[in-house]
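Below is one structure, written out as structure tokens; comments come after it.
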2 protein chains.
Amino acid sequence: MSQSHMQKRMNQLFSPQHVAVIGATSRTAWFKNILIYCDKIGFKGSLYPVNPNYKELEGIKTFSSITELPDNTDFAVVLLNHRLAFDAIVSLNKRGIKNIFLISSGYAEVGEEGKEKQEALKKYCKENDIYLIGPNCLGFINFPEKTSVFAGGSVDNDLIPGHIGVIGQSGAASELMVSALLKKNLGISLYVTSGNEALITIEDLVEYLIRDEATKIITGFVEGFKDIPRVKKLAALAAEKKIPIILLKIGRSSEGVKVAASHTGALTGNDLIMDGFFKQFGLIRVDSIEELANTAELFTHCSLPKGDRLGLFIFSGGLCGMYADLCAKYGIKVPPLSDKTIQGLKTILPDFAQPDNPLDITGAADRNRYHEIVDLMVKDKNLDIIAPLCMPPKDSHDVFSFGANSAFMAHIKGEKPLAPIVFKQPTDYARTYFKDHGIYCIEQPEEGFKAISHLINYGKFLRQFKSRQDK
Amino acid sequence: MSQSHMQKRMNQLFSPQHVAVIGATSRTAWFKNILIYCDKIGFKGSLYPVNPNYKELEGIKTFSSITELPDNTDFAVVLLNHRLAFDAIVSLNKRGIKNIFLISSGYAEVGEEGKEKQEALKKYCKENDIYLIGPNCLGFINFPEKTSVFAGGSVDNDLIPGHIGVIGQSGAASELMVSALLKKNLGISLYVTSGNEALITIEDLVEYLIRDEATKIITGFVEGFKDIPRVKKLAALAAEKKIPIILLKIGRSSEGVKVAASHTGALTGNDLIMDGFFKQFGLIRVDSIEELANTAELFTHCSLPKGDRLGLFIFSGGLCGMYADLCAKYGIKVPPLSDKTIQGLKTILPDFAQPDNPLDITGAADRNRYHEIVDLMVKDKNLDIIAPLCMPPKDSHDVFSFGANSAFMAHIKGEKPLAPIVFKQPTDYARTYFKDHGIYCIEQPEEGFKAISHLINYGKFLRQFKSRQDK
């Protein structure tokens, strides 16, 4: 099948207008959740619940069978028990409905019998040109298209459309990922959960997102790949397009491997080999949802640094020391400032301050001269990336915080990437202010410095990738 | 000087009733901050600002000189420039005021001249029986005594009295520590910043807190120790009293060492030796404020596990895998469940679930039977500590979350320690509910599992310590 055909079919799959919900019921939360997210995203199409036991569900007319579905039905989500699901898919196919999400579990993740059932499903779908995602998944949310068929219940925060694609082999874990991204005011292009991947695999989805115009960063919660040679090709394609791929890939430990097998039937592979594979092909591996969100945030806002030398300033000597330690832990260089910067800082800082990197500007620095400090550090030839002080304002009178933030925001689209570090935990007021002013910042230093190291390493990878290509 | 005398003098130092503020001014935030925290903590004593340029400050009568201070003055905080501070201390001594905090900087942290100045200060205080903390510090807050002389401005959240002692060689960094503890509803006994430690050192303060009845856990932001042999003795004394000492000790990297020297003039020492020293003497070393707060939280609420075997359950297979990986990373064992537990779980979980550790109870588990799941895991002879699912409720109708939490709360004072892991980020509503119901939980898995490993390792250390003593 040609790539463009596949891309077109996937596009249709994620943009349905008339959605049949097979096995809709009020006994579980699934149908209600689907409604909630349709409402939240602003879905303008129609939902056709199918269940012979209801005349209506949540005020929506319910159909007693698949044969009764309107002819314009272009998508079905199947919530039925696995014992009934196959027959439903056959009926859907007979009605010409070939775009399907299968939410139900009870397949490869539960052992031999389930595996056979999943194989039969795969065979039938292949033979009949059915695009099926699942089983054992939660559905999808297409943010820019305002379309969703999503049975999960834990995607929190405003549903902001944007440029980050999210793939979740695990439903619940990827819901938390999406929530963490949205909390950082990062917009999503497509969020799709793939579950057991009987037919459409993570490799298909990564390729779809690389070729999708909307997606600039790909993230995923991954238990295992199905086709390593294809992942290599996709990694090269993504590198060409400068699309970073950030994955929380489980299976670091033997326990993690075991869990993945029983969860979605995935083969996680030898982890040391996997780690080397990630590094070699420029895939970014993270260990926690917090680290993933911090990393996606920096990739969203920052250009790639030209080297690994970080300049830091904050008004606490203790934090300078803690940050220096964390930088060392994650391989980030914190070199001495240039003489020019030191001379400049001496005219700005109080007499007892000793300009150094990390720079303790001390509580006594003249707050009106913060912008000069940022200027000096941004221009320092010894530095490739700057982590300036970010202040969460207490309230609308907190002019100090506004000033401190405007000092670095003046350079935010400048030549060097900025990774502002927040001095203390933002309140709700501060979060709204950050959102309104387009301010992003590192909130958790440990995860934040890991994120900076990913940004640095990816820049290095792309330079090497390009030089290999140029040869 | 006898220990009991020193303890008594330190007690007085941290419980003043009539506080002179030398160099109070409206030009910096210090005096205003002191007032704010006196107000927040409910200080009932008096403040005597001293500054010849004011008649009153913030509505408080101001004295023109130290000689004019009322006779009942039993404490002074000195905010004056370092050029004026020494003379003020001499004047205070002449008035019999021998309990002093020196906030000003400009001493050992700025080089040779400053070092000499600090030595002179130390000599004078020693000769005159002055108990002086600082210079280059922020003051203290005595939570149970409702007394504070605190010039910092970044201790946020309600000031809850409790049993955690906090020592900060760095002012601002330790403010963030205190804020993080309070945000977790953990109460503080004494928070004291020690700065350059011209006279009273971190060792003195650790000893004071070990012997102080109110303190059950000691935490600190540490740049360096002054007296390693004494730290060893203190570690043994703390172990006898089962008081854990949790320290964010900077200086892991050469950059960190350099920063500490210029910040408070501390010698951080060789870090590998320091790490071994921490392990040998049962001191708990953390890398970030988040890790410190998570660790203090578990030590506050949990008994010590008798071994290193963790049992986990949550309703996401993906998170099970991620958690298994994090446990492996931090040396926590996640052993198979006992046959008895597996048989019991099979009667509770849906047919497709496969009871294992970590346990994915799946979204389909009967919510009314969560307490049976907790029961089985708590009784499992293969497990020493349990990390049950904790649910942050959305609102007052969220009976599912209430049920899930009451399932583990029924065992919270039981034989085995519980380290609940929250499924998703708590909203403000959930935080209030947690506080009202005495529920604690791990919010950030990476830091949380590190905290669990600290709890396990400290339990092991105490068993070894006791067996050495018994010989």
Side-chain angles (χ1 to χ4, degrees), chain A residues 105-106 109-111 114 154 156 168-174 176 179-180 183 221 223 248 250-256 258-260 262-264 287-291 315-322 324-329 334 352 354 356 358 360 362-363 423-425 428 444-447, chain B residues 105-106 109-110 114 154 156 168-174 176 179-180 183 221 223 248 250-256 258-260 262-264 287-291 315-322 324-329 334 352 354 356 358 360 362-364 423-425 428 444-447:
Chain A
S105 49
E109 81 279 9
V110 297
S154 294
D156 294 334
Q169 286 184 327
S170 162
S174 60
L176 302 183
S179 302
K183 194 177 178 191
F221 190 101
E223 305 197 338
L248 203 165
I250 67 167
R252 283 204 176 277
S253 60
S254 56
E255 289 80 6
K258 194 183 66 181
V259 168
S262 68
H263 183 222
T264 57
D287 285 346
S288 70
I289 289 167
E290 292 77 15
E291 185 188 348
F315 48 26
S316 157
L319 292 182
C320 282
M322 189 176 94
D325 283 353
L326 288 171
C327 286
K329 185 171 173 184
V334 186
F352 59 84
Q354 301 182 78
D356 210 336
D360 176 12
T362 83
F423 175 63
K424 58 182 184 176
Q425 282 301 306
D428 286 346
Q444 297 150 307
E446 182 111 37
E447 281 77 10
Chain B
S105 50
E109 80 281 9
V110 297
S154 293
D156 295 332
Q169 285 183 327
S170 163
S174 60
L176 301 183
S179 301
K183 193 176 178 191
F221 190 101
E223 305 198 338
L248 203 165
I250 67 167
R252 284 204 176 278
S253 60
S254 55
E255 288 81 4
K258 194 183 63 179
V259 168
S262 67
H263 184 221
T264 58
D287 285 345
S288 70
I289 288 167
E290 291 76 15
E291 184 187 349
F315 50 23
S316 157
L319 291 182
C320 282
M322 189 177 93
D325 283 352
L326 288 171
C327 286
K329 184 170 172 183
V334 185
F352 59 83
Q354 302 182 79
D356 209 336
D360 175 12
T362 83
F423 175 63
K424 58 182 183 176
Q425 281 303 304
D428 287 346
Q444 296 151 307
E446 182 110 38
E447 282 78 9

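Chain identifiers are assigned alphabetically (A, B, ...) following the order of the sequence lines, protein sequences preceding nucleic acid strands; residue numbering begins at 1 within each chain.
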List the atom of Ala172(B), the atom of Ser316(A), and the distance in Å for their closest heavy-atom pair.
-> CB-CB, 3.5 Å
Minimum-distance pair of heavy atoms, taken over all atoms of Leu176(B) and Phe423(A) | CD1-O, 3.2 Å
Applying side chain to side chain donor-acceptor pair (under 3.5 Å), name anything that partners Lys183(B), two or more places apart in sequence or on another chain.
-> none
Residues forming a side chain to side chain donor-acceptor pair (under 3.5 Å) with Asp156(B), sequence neighbours excluded = Lys424(A)
Within the distance-only criterion (no hydrogens, no angle test), does the side chain of Asp325(A) pair as donor or acceptor with the backbone N or O of Gly251(B) below 3.5 angstrom?
-> yes
Rounded to the nearest 0.5 Å, how far does [atom2] of [Y] lie from [atom1] of [X]?
| X | Y | atom1 | atom2 | value |
| --- | --- | --- | --- | --- |
| Ile250(B) | Cys320(A) | CD1 | SG | 8.5 Å |
| Ile289(B) | Met322(A) | CD1 | CE | 4.5 Å |
| Asp428(B) | Asp428(A) | CG | CG | 4.5 Å |

Between Ser154(B) and chain A, which part of the residue has a heavy atom less than 4.5 Å away: side chain, backbone, both or neither?
-> both
Checking Glu446(B) against chain A: side chain, backbone, both or neither under 4.5 Å from a heavy atom?
-> side chain
Check the pair Glu290(A) / Glu290(B) against side chain to side chain contact (heavy atoms under 4.5 Å, CB included), numbers first and verdict last.
-> CA-CA 12 Å; Glu290(A) 292 77 15; Glu290(B) 291 76 15; over 6 Å; no
